[in-house]
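Sequence positions, counted from 1, serve as the residue numbers for this chain.
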Amino acid sequence: MVNPRRFNSGTATFNAHSRDQPHLRDDRGSGTCLRSSLLQTTMPLLRGLLVLPPELLLSIFEHIDPPDLFSLGQTCGRIRSLVSNRHLWESALKTTCRLNQLFEPSYHPIAALSFAELQIVALGPWRRSDSFASRSPPYLGPTTQVKDMPKQERRIWNMTLSCAGWKENTEFEGICVVPGGRYVLGCSETQVGIWDLGQNTGSPLGASANKDGSMSRSDPVHSPVPAHLLHAPTGSMTWLMSEPTPIGSSSFRFVTGQISSFCVHEVGPLPSDCYIRRIATLFFPRTLSLVDFWIQGDRLFIKYREGLLVWDFILSTYVAVPTRGDVSMVTTRGDFFVAWEGLNTGVWSIPPLRPLPPDKDSMDLPELTSPVEFIKGIDFNLIPNDGLDRPAFRIRIPSPWYSFPSNAVEFLFTCKEDAEWQWVTIERYVMNITSGKGIGSPSTLISSSHPIPVRLTPGHQGYRTLCGSLAATVAMGSSPHREVRAIHFVGDVRSRPKGAGIVDKLGLGSQGIGVVGAEIISYCPGSGRVACVPINADVAETQPRIICIGY
C-alpha cells in the first residue's frame with residue numbers, strides 16, 4: 001500500500017519530500033513529469049483499495065496507528081469520509097494509551113469528547129514529540145517529524161493544587177503524575193492524597209495560560225481540592241512513595257514506606273472510584289538497609305543491601321534471598337531477578353514463596369539479618385565486569401507503568417564519547433531473559449542517539465517511553481534556580497531499517513517544561529503534564545503547595 005504520509009491525491013503534492021527536494025516541488029519544470037509518473041504508479045493501488053466494502057476498510061483502519069490514520073485521511077475524499085468515523089478514533093485513542101503507557105480513564109468518559117477533541121488527544125503524544133524536534137538546538141542531531149498534524153498553539157498553563165485538609169508546614173515526601181496526566185498523587189509524612197484534574201482534553205478548569213508559553217504567578221487560579229486523603233496509621237511516619245503501577249485497565253496500585261512497614265494501596269476503578277484503599281501491610285526488621293522497592297502484579301519486591309525480599313500481598317507468602325556484591329541495577333520480570341553491572345547481566349529464578357509466619361508484629365528475616373552460611377543466595381560478583389569496548393555508566397530502566405516486551409527487559413545505557421565526559425550517547429537495549437537465563441544473558445542494541453552534551457543525560461528522575469522513544473527529565477543549573485528540561489528521542493523508531501547490525505542514530509530533542517527551582521518533580525511525557533513542589537526559600541508559607549503545569 002502507498003504510504004499515505006507521502007501522498008495527497010487532492011493537491012498532487014508530496015508532503016514528506018517536496019519541501020526538501022526541489023525536483024519534487026509542485027511547480028513548473030521536470031518535477032511535473034516525475035510527479036505524474038509517481039501518480040500513475042500509486043493511483044491504481046488506491047483504486048484497488050477503494051473497491052473494498054466500507055465495513056472491511058474500517059476493520060483494516062482500526063489496526064493503523066493514529067498518526068498514520070490521520071495521514072491516510074488526507075489521500076482522497078472517500079477515505080477521508082471513512083476516517084472521520086467516530087468509532088475509529090475512539091479505538092485510536094485506546095491505541096494511543098496502549099502505545100504510550102497512558103492511563104485510559106484520564107480521558108473518560110470518551111463519549112463526552114467532541115470529534116475534534118478525540119483526534120487531538122489521540123494524536124497528542126506524537127504532536128508533542130514533534131514539538132521537541134522543532135524546538136531543539138542543532139547539536140542534538142537530525143530529526144524527522146510527523147507531517148500535517150492538527151495545528152495547536154503552544155500554550156503553557158499552570159495551577160496550584162489545593163492542599164485543604166493537609167497539616168500546616170507539611171513537607172511532601174513524594175509526588176507523582178499518573179501517566180495520562182489527569183491524576184496526581186502526593187505523599188507527606190502523615191497523609192497520602194490524590195487529585196483529579198478532570199477529563200484530560202487540555203487545560204483544566206481554572207488553570208491560567210499564556211499564549212507565549214510564559215506563566216504568571218499573579219493570575220488567580222481556582223485549584224481542585226484533593227479527591228481523597230488517607231491518613232497514615234497512628235504512630236507511623238511515611239518517608240517514601242513508589243510510582244504507581246496499573247492493575248487492569250482502570251485501577252492502579254502504589255506503595256508507601258514507613259519506619260518499619262510497607263503499605264500497599266489501590267485506587268479504582270477510575271474515574272468513578274477515587275478512594276485510596278490500604279489493602280495490605282508488611283512489617284519488617286528495622287535493622288535492614290533499604291535500597292529500593294517496587295510492585296509487579298500482586299508482589300512487592302524490596303531490595304536491601306543484605307538481600308532481596310519478595311512478598312505476595314494477596315496470597316500472604318514471601319521469600320527472602322541473601323545477596324553478595326553490588327550491582328548498578330536490579331529489577332524483576334515474571335519469575336526472574338535481573339541484575340546489571342555495566343552491559344553485563346545476570347538472571348536468577350525467584351525461589352518458591354512460603355506462607356508468612358502467623359501472629360507476628362514484625363516479620364523475622366533470619367536469611368537477611370543473621371550471619372548464617374550463604375546458601376541458596378545470589379552472588380552478584382559472578383556477573384563479569386569486563387567486555388566493554390568503551391567506558392560507560394548510568395543504567396536506567398522504565399517506570400513501573402511501562403509494559404516490557406514479552407519475556408524481555410528493556411534498559412538504557414549512557415556511554416562516554418570523549419575523555420572529558422563532555423559528550424555521551426544514549427543506547428537502548430532489549431534483553432531476552434528466557435533464552436539467556438543465567439550469567440551473561442545477551443542484550444540487543446535497538447537504538448543509539450547522536451552524541452549529546454552530558455548535562456542533557458537522564459538524571460535521577462528516570463525515563464518513560466513515548467511513541468517507542470525515550471523521554472526523560474533533567475535538571476540544569478544549580479539549586480535553587482535550576483531550570484528543569486525534558487529530553488525526547490525524536491523521530492519514529494518504528495520505521496528504523498531492519499537487519500543485523502543496523503542501528504538508528506536517533507536525534508534528541510530538549511526543551512524547558514516551565515519549571516525553575518523545584519525540589520520534587522514528576523513528569524508525564526505522553527500528556528505533557530508536570531507536577532512539582534516548588535522551592536520556597538524566600539517565601540514564608542505554612543500551607544504546602546503542589547504546582548501543576550501543562551503544555
Side-chain angles (χ1 to χ4, degrees), residues 90 93-94 96-98 100-113 117-118 121 159 161-166 172-188 190-202 204-206 222-233 238 241-257 262-282 294-300 312-316 399-403 522 524 526-527 529 531 546 548 550:
E90 288 181 354
L93 176 55
K94 295 178 181 180
T96 293
C97 293
R98 176 176 54 82
N100 296 280
Q101 320 299 324
L102 302 178
F103 193 39
E104 192 177 313
S106 301
Y107 306 95
H108 285 179
I110 295 178
L113 298 174
E117 289 174 331
L118 195 56
V121 296
M159 65 190 309
L161 298 184
S162 170
C163 292
W166 294 75
F172 284 98
E173 303 297 327
I175 57 174
C176 182
V177 179
V178 176
R182 174 171 179 172
Y183 301 101
V184 178
L185 287 173
C187 171
S188 71
T190 58
Q191 293 166 297
V192 179
I194 183 171
W195 287 263
D196 182 357
L197 305 188
Q199 191 175 18
N200 187 0
T201 57
L205 183 65
H222 304 284
S223 61
V225 298
H228 186 231
L229 277 178
L230 181 67
H231 295 268
T238 300
M241 178 179 71
S242 73
E243 288 191 66
T245 184
I247 304 298
S249 61
S250 58
S251 300
F252 63 82
R253 292 172 179 159
F254 65 97
V255 181
T256 55
F262 289 102
C263 291
V264 181
H265 306 83
E266 184 169 313
V267 183
L270 293 163
S272 58
D273 184 357
C274 214
Y275 283 88
I276 303 172
R277 301 181 299 278
R278 190 179 296 113
I279 62 174
T281 301
L282 175 71
W294 63 94
I295 286 183
Q296 177 185 291
D298 295 337
R299 293 178 174 183
L300 171 63
D312 188 315
F313 47 83
I314 300 299
L315 299 178
S316 295
S399 73
W401 204 275
Y402 180 74
S403 298
S522 177
C524 171
S527 65
R529 291 190 170 183
I546 295 179
C548 281

Could you work out, with side chain to side chain contact (heavy atoms under 4.5 Å, CB included) as the rule, every residue matching [X], not counting sequence neighbours?
| X | value |
| --- | --- |
| Arg98 | Thr95 |
| Ala111 | none |
| Thr238 | Cys187, Ala232, Thr256, Gln258 |
| Pro271 | Pro105, His108, Arg182, Tyr183 |

[atom1]/[X] to [atom2]/[Y] distance, rounded to the nearest 0.5 angstrom?
| X | Y | atom1 | atom2 | answer |
| --- | --- | --- | --- | --- |
| Ile194 | His265 | CD1 | NE2 | 12.0 Å |
| Glu104 | Leu93 | CD | CG | 6.5 Å |
| Phe262 | Leu300 | CZ | CG | 6.5 Å |

Compare all side-chain heavy atoms of [X] with those of [Y] and state whether any distance is below 4.5 angstrom.
| X | Y | value |
| --- | --- | --- |
| His228 | Val267 | no |
| Pro400 | Ile295 | no |
| Trp294 | Thr245 | no |

### Message
The criterion is ring-ring contact (aromatic ring centres under 6.0 Å, His included); which residues satisfy it with Phe313, sequence neighbours excluded?
### Response
Trp311

### Task
Could you tell me which residues satisfy ring-ring contact (aromatic ring centres under 6.0 Å, His included) with Phe252, sequence neighbours excluded, listed by chain and number?
Phe103

[X]: partners by side-chain hydrogen bond (donor to acceptor under 3.5 Å, both in side chains), with sequence neighbours left out:
| X | answer |
| --- | --- |
| Tyr402 | Glu410 |
| Arg253 | Glu266, Asp298 |
| Glu90 | Arg86 |
| Trp401 | none |

### Query
Tyr107 pairs by side chain to side chain contact (heavy atoms under 4.5 Å, CB included) with which of Leu118, Asn200, Thr96?
Asn200

Side-chain donor/acceptor of [X] to backbone N/O of [Y], under 3.5 Å:
| X | Y | answer |
| --- | --- | --- |
| Ser251 | Gly248 | no |
| Ser522 | Ala531 | no |
| Arg299 | Ile314 | no |

Shortest non-hydrogen separation from [X] to [Y] and the atoms involved:
| X | Y | value |
| --- | --- | --- |
| Leu197 | Cys548 | CD1-SG, 4.2 Å |
| Cys524 | Gly180 | SG-N, 3.3 Å |
| Pro269 | Ser272 | O-OG, 3.2 Å |
| Leu229 | Gln191 | CD1-NE2, 4.1 Å |
| Leu113 | Glu117 | CA-OE1, 3.5 Å |
| Cys176 | Pro244 | SG-CD, 3.3 Å |

